[in-house]
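Here it is, the structure in full.
Since the model is a prediction, treat every value here as computed from it, not as a measurement.
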Amino acid sequence: MKREGVCTRSQTKKQKAWTAWRGNSLLDNPFEEEFGSLSDSGQGGWTELSKEVASNLAGTVVSLASFADEKTVFFACTGIIIVNKPTFTSCLTSLSLVRSIDDDTKILHDMTIEVRLPDNKLELGWLESYDLKYNVAVINIGRYHSLQVTCLDHQRQFESHSKVVAVGRCFNSGKLMATAGMLTDNPQGAYREELAISTCEITMTGVGGPLVDFNGDFIGMNFYAEKETPFLPRIKILELLSQFRKTIQWMATNKKGPGSKIERFPRPCKPDSEVSSRKGEKLKDQKPSICTLCDPECQPGLMDRLLLERKSLCSGRPSYPYFGVPTKKELRSNGYPLPVWQNVGMRLLNNFEEKFSEDIWSKLERNVASNMSQSVVALASFSGKTRCFACTGVFIDCNGSTTRVLTSASLVRTSDNENKVADNLKIVVCLPDNRHTRGTLQHYSLHYNIAVVYIKNFCCTQTAQIDNQMLIKPQKEVVAIGRVYQSGKLMATSGIVIDKPSKLGCKELKISTCKITKAGIGGPLIDFDGNFIGMNFYGLEEAPYIPVNIILKVLKNFDAQGYAFYIYVFFCTVCRCLDSCMCIIFNLEEV
């Protein structure tokens with residue numbers, strides 16, 4: 001084998017070599033091939049690590065896989081969590097996850113990317129940033145609140161012969177592995193000068209995984225070679241991440257204003273190798289890019305093992321829709337926009353079907369859970385066959401055969417003028433028993449974003465305790481309730497009331513730390529005794545709510561006047577939520 005170690009993929013025989021998977025043996029699956037020792041064995045490299053270091057690694061190392069279609073896996077590797085913000089989580093990994101096998105200057109944007117998290121959950125991801133020259137990629141997933149982050153900013157220096165550990169995680173099984181070794185000199189001409197070398201022996205499963213010292217300090221990201229492990233050092237990775245951030249900031253400052261169709265996909269800086277390849281000026285003596293596959297001619301039989309059946313790679317994984325004709329019809333019927341890129345796999349973020357990330361329903365007292373399950377409903381408004389909005393509501397009273405539901409007026413606002421209620425909307429209510437029935441708009445206040453919908457020929461068995469007004473002190477524990485319209489799933493998430501003014505310029509709005517989704521708009525905020533505190537709206541980091549005393553005044557005005565109509569200028573004209581900074585409600589993120 002050539003001493004180049006980390007070689008480019010063959011440009012002539014690779015596509016023919018990728019053949020269908022013929023068996024299920026993990027021994028023949030390069031993406032599930034274990035190395036070193038497993039984390040639960042307490043042996044090998046794990047004996048060199050303290051419990052704290054081992055725990056941190058277990059919480060920050062993920063596995064990723066890319067799929068060409070419903071049945072075919074393209075690549076799988078390891079990654080580390082480097083950012084965890086309220087709206088997204090970022091993972092650092094190898095660009096081989098989405099790099100073409102025929103032309104390594106091309107990125108396969110139509111791949112579906114999945115990330116297996118430390119808790120074994122699967123999330124759809126998208127390519128956020130990448131660098132072709134150094135074979136580095138940043139993959140984002142939607143918000144995930146309970147993840148640890150790898151620290152890259154330490155100042156420690158590492159010399160040759162320092163003891164190190166390489167870590168990887170299998171995609172299918174989620175198994176975490178580690179193997180020990182030491183840093184060694186990069187033989188002159190053997191690898192690119194930016195690379196460093198360790199004696200750790202990993203499999204392809206460990207590609208993109210972290211190399212750390214025995215204190216858990218990050219040293220670099222691993223690539224693959226047969227007898228030793230090349231890795232990209234931390235300093236170069238930090239430089240690349242800094243470039244990525246500048247690119248994204250440039251894009252953010254060059255948007256054309258609300259509604260402009262600017263691609264959220266960052267435009268990476270094109271390295272010399274990419275520019276020269278496009279001009280046909282690629283030099284023959286140029287060193288190969290940092291790729292994770294050795295030349296198949298040097299590893300007989302490797303390439304014909306790399307195309308696996310999707311089922312054999314990850315049995316039991318959820319099925320995600322692709323943007324074919326049926327999916328587009330479903331998007332249109334649910335009121336969602338279509339993707340700008342027709343040939344790119346995407347995930348719709350912050351949709352009406354998104355569940356709460358933390359669901360504490362099972363922790364509620366039995367009588368509280370029972371009352372809420374019988375009084376909380378989901379609602380949707382339709383214009384013809386197209387859904388306009390979906391949210392949560394709660395029964396507030398029943399008079400004979402008519403039941404009234406308190407909810408958000410966003411259910412009936414027009415999409416082009418937030419100061420008006422849409423005409424000829426059909427309202428459908430998903431009842432506690434999952435039956436669907438027609439509802440009718442009775443009252444609304446656009447000033448407070450409150451609406452009342454009534455249901456004929458139905459009498460509820462429970463209502464919200466809105467008449468029991470309580471003095472709510474800061475730091476009081478509260479629960480936000482929501483119900484998903486399509487599935488009827490009931491959800492609950494907890495938080496506290498905080499003494500903090502609303503950023504929206506409305507003194508009457510209060511704030512809780514409950515993390516809800518769009519499905520929870522209009523749902524009740526209660527205490528752990530079931531007392532009604534207010535009605536929730538949607539926020540990115542916290543949940544604004546309108547308190548019960550204001551709601552009671554509005555309801556009293558409804559009953560006295562027959563209707564209420566005000567203009568509330570703080571409602572966003574794009575997303576129909578409380579602030580224009582929340583206009584990610586209908587955004588499509590590239591995968």
Subject >> Nearest non-hydrogen partners of N222 and V167, listed with the distance >> reply: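 For N222 versus V167, the nearest heavy atoms are ND2-N, 4.4 Å.
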
**OP:** Answer whether the closest heavy-atom distance between the side chains of L57 and I80 falls below 4.5 Å.
**Re:**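 No, too far: nothing below the 4.5 Å cut-off.
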
**OP:** Scan V136, L132, V138 and name whichever one has a side-chain contact (heavy atoms from CB on, under 4.5 Å) with L95.
**Re:**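 Checked V136, L132, V138 against L95; only one passes side-chain contact (heavy atoms from CB on, under 4.5 Å): L132.
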
Subject >> Distance under 6.0 Å and angle within 45° of ring axis: R116 vs F171 >> reply: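 So R116 does make the cation-pi contact.
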
**OP:** Determine, step by step, whether T89 and K85 satisfy the side-chain contact (heavy atoms from CB on, under 4.5 Å) criterion, reporting the C-alpha distance in whole Å, the side-chain angles of both residues, the deciding distance to 0.1 Å, and the verdict.
**Re:** CA-CA 6 Å; T89 296; K85 292 189 175 182; over 6 Å; no

Subject >> Partner of L97 by side-chain contact (heavy atoms from CB on, under 4.5 Å), out of L108, I139, L127 >> reply: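 In the set L108, I139, L127, the residue that makes a side-chain contact (heavy atoms from CB on, under 4.5 Å) with L97 is I139.
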
Subject >> Atom of T78, atom of R169 and distance for their closest heavy-atom approach >> reply: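 Scanning both residues, the minimum pair turns out to be OG1-N, 3.0 Å.
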
Original post:
Is D359 salt-bridged to K489, cutoff N-O under 4.0 Å?
Top reply: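 Salt bridge: yes.
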
Original post:
Yes or no on side-chain contact (heavy atoms from CB on, under 4.5 Å) for C200 and V164, after CA distance, side-chain angles and deciding distance?
Top reply: CA-CA 8 Å; C200 299; V164 293; 3.9 Å; yes

Original post:
Nearest heavy-atom pair of Y538 and I516: which atoms, and what distance?
Top reply: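 That would be CE1-O, 3.4 Å.
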
Subject >> Expected output: side-chain S173 to main-chain C170 donor-acceptor under 3.5 Å >> reply: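 Between the backbone of C170 and the side chain of S173 there is no qualifying donor-acceptor contact (under 3.5 Å).
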
Original post:
Any sub-3.5 Å donor-acceptor pair from N215's side-chain atoms to D217's backbone N or O?
Top reply: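 No; judged by distance alone, with no hydrogens or angles, the pair does not exist.
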
Original post:
Heavy-atom distance under 4.5 Å between the side chains of F214 and K163, does that happen here?
Top reply: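 In contact.
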
Original post:
Taking all non-hydrogen atoms of both residues, which atom of V62 and which atom of L64 are closest, and how far apart?
Top reply: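 Looking at all heavy atoms of both residues, the closest pair is CG2-CD1, 4.1 Å.
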
Original post:
Under 4.5 Å between any side-chain heavy atoms of L211 and T229, yes or no?
Top reply: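 Heavy-atom side-chain distance check fails, nothing below 4.5 Å.
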
Subject >> Heavy-atom donor-acceptor pair, S242 side chain to L238 backbone, under 3.5 Å >> reply: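 No; judged by distance alone, with no hydrogens or angles, the pair does not exist.
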
**OP:** Let me see the working for R234 and I219 under side-chain contact (heavy atoms from CB on, under 4.5 Å), right down to the final yes or no.
**Re:** CA-CA 5 Å; R234 178 184 67 92; I219 298 175; 6.0 Å; no

**OP:** Spell out, as yes or no, whether a donor-acceptor pair under 3.5 Å connects the side chain of W46 to the backbone of A54.
**Re:**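 Flag not set: sc W46 to bb A54 has no pair under 3.5 Å.
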
Subject >> M491 and V484, any side-chain heavy atoms less than 4.5 Å apart >> reply: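 Yes - at least one pair of side-chain heavy atoms lies under 4.5 Å apart.
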
Original post:
Once you round to the nearest 0.5 Å, how far does OG1 of T150 lie from CG of N84?
Top reply: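 These two atoms lie 11.0 Å from each other.
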
Subject >> Distance-minimising heavy-atom pair for I81 and Q148 >> reply: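 Closest pair (atom of I81, atom of Q148, distance): CG2-O, 3.3 Å.
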
**OP:** First locate atom OG of S129, then atom CG of L241, and finally report the distance between them rounded to the nearest 0.5 Å.
**Re:**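 The CG atom of L241 is 8.5 Å from OG of S129, to the nearest 0.5 Å.
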
Subject >> Short N-O contact, E34 and K175, less than 4.0 angstrom >> reply: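 Yes, this pair counts.
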
**OP:** Locate the shortest heavy-atom distance separating M111 from F67; write the atom from each residue and the value.
**Re:**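 Smallest heavy-atom distance, with atoms named: SD-O, 3.4 Å.
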
**OP:** Quick one: do S96 and N135 satisfy side-chain hydrogen bond (donor to acceptor under 3.5 Å, both in side chains)? Show the steps, please.
**Re:** CA-CA 7 Å; S96 295; N135 207 49; 3.1 Å; yes

Subject >> Any donor-acceptor N/O pair, T517 side chain to E354 backbone, under 3.5 Å >> reply: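 The answer is yes, because a donor-acceptor pair under 3.5 Å joins these two groups.
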
**OP:** Would you confirm whether T205, through its side chain, and E33, through its main-chain N or O, come within 3.5 Å as a donor-acceptor pair?
**Re:**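 Confirmed, T205 side chain pairs with E33 backbone.
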
Original post:
Quick one: does F74's side chain get under 4.5 Å of V98's, heavy atoms only?
Top reply: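 Not touching, per the 4.5 Å side-chain cut-off.
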
Original post:
Step by step, would you call K133 with E194 a side-chain contact (heavy atoms from CB on, under 4.5 Å)?
Top reply: CA-CA 11 Å; K133 181 178 179 181; E194 298 91 350; 4.1 Å; yes

Original post:
How many angstroms lie between atom CG of D213 and atom CG of L183, to the nearest 0.5 angstrom?
Top reply: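 With rounding to 0.5 Å, CG (D213) is 9.0 Å from CG (L183).
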
Original post:
Which distance, rounded to the nearest 0.5 Å, do you find between the SG of C77 and the CZ of F223?
Top reply: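 Result: 10.0 Å between the selected atoms.
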
Subject >> CG-OG1 distance between L92 and T60, expressed to the nearest 0.5 angstrom >> reply: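 Between L92 CG and T60 OG1, I get 11.5 Å after rounding to 0.5 Å.
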
Original post:
If you measure from OG on S94 to CG on L232, what distance do you get to the nearest 0.5 Å?
Top reply: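 Reported value, rounded in 0.5 Å steps: 10.5 Å.
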
**OP:** Check the pair T199, E228 against side-chain hydrogen bond (donor to acceptor under 3.5 Å, both in side chains), reporting the backbone distance first and the verdict last.
**Re:** CA-CA 5 Å; T199 61; E228 52 200 0; over 6 Å; no

Subject >> Beyond-backbone contact of L195 with F231, side-chain heavy atoms, under 4.5 angstrom >> reply: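 Contact flag for L195/F231 side chains = no.
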
Subject >> Donor-acceptor under 3.5 Å (S37 side chain, Q43 main chain) >> reply: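 Checking the backbone N and O of Q43 against the side chain of S37, a donor-acceptor pair under 3.5 Å is found.
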
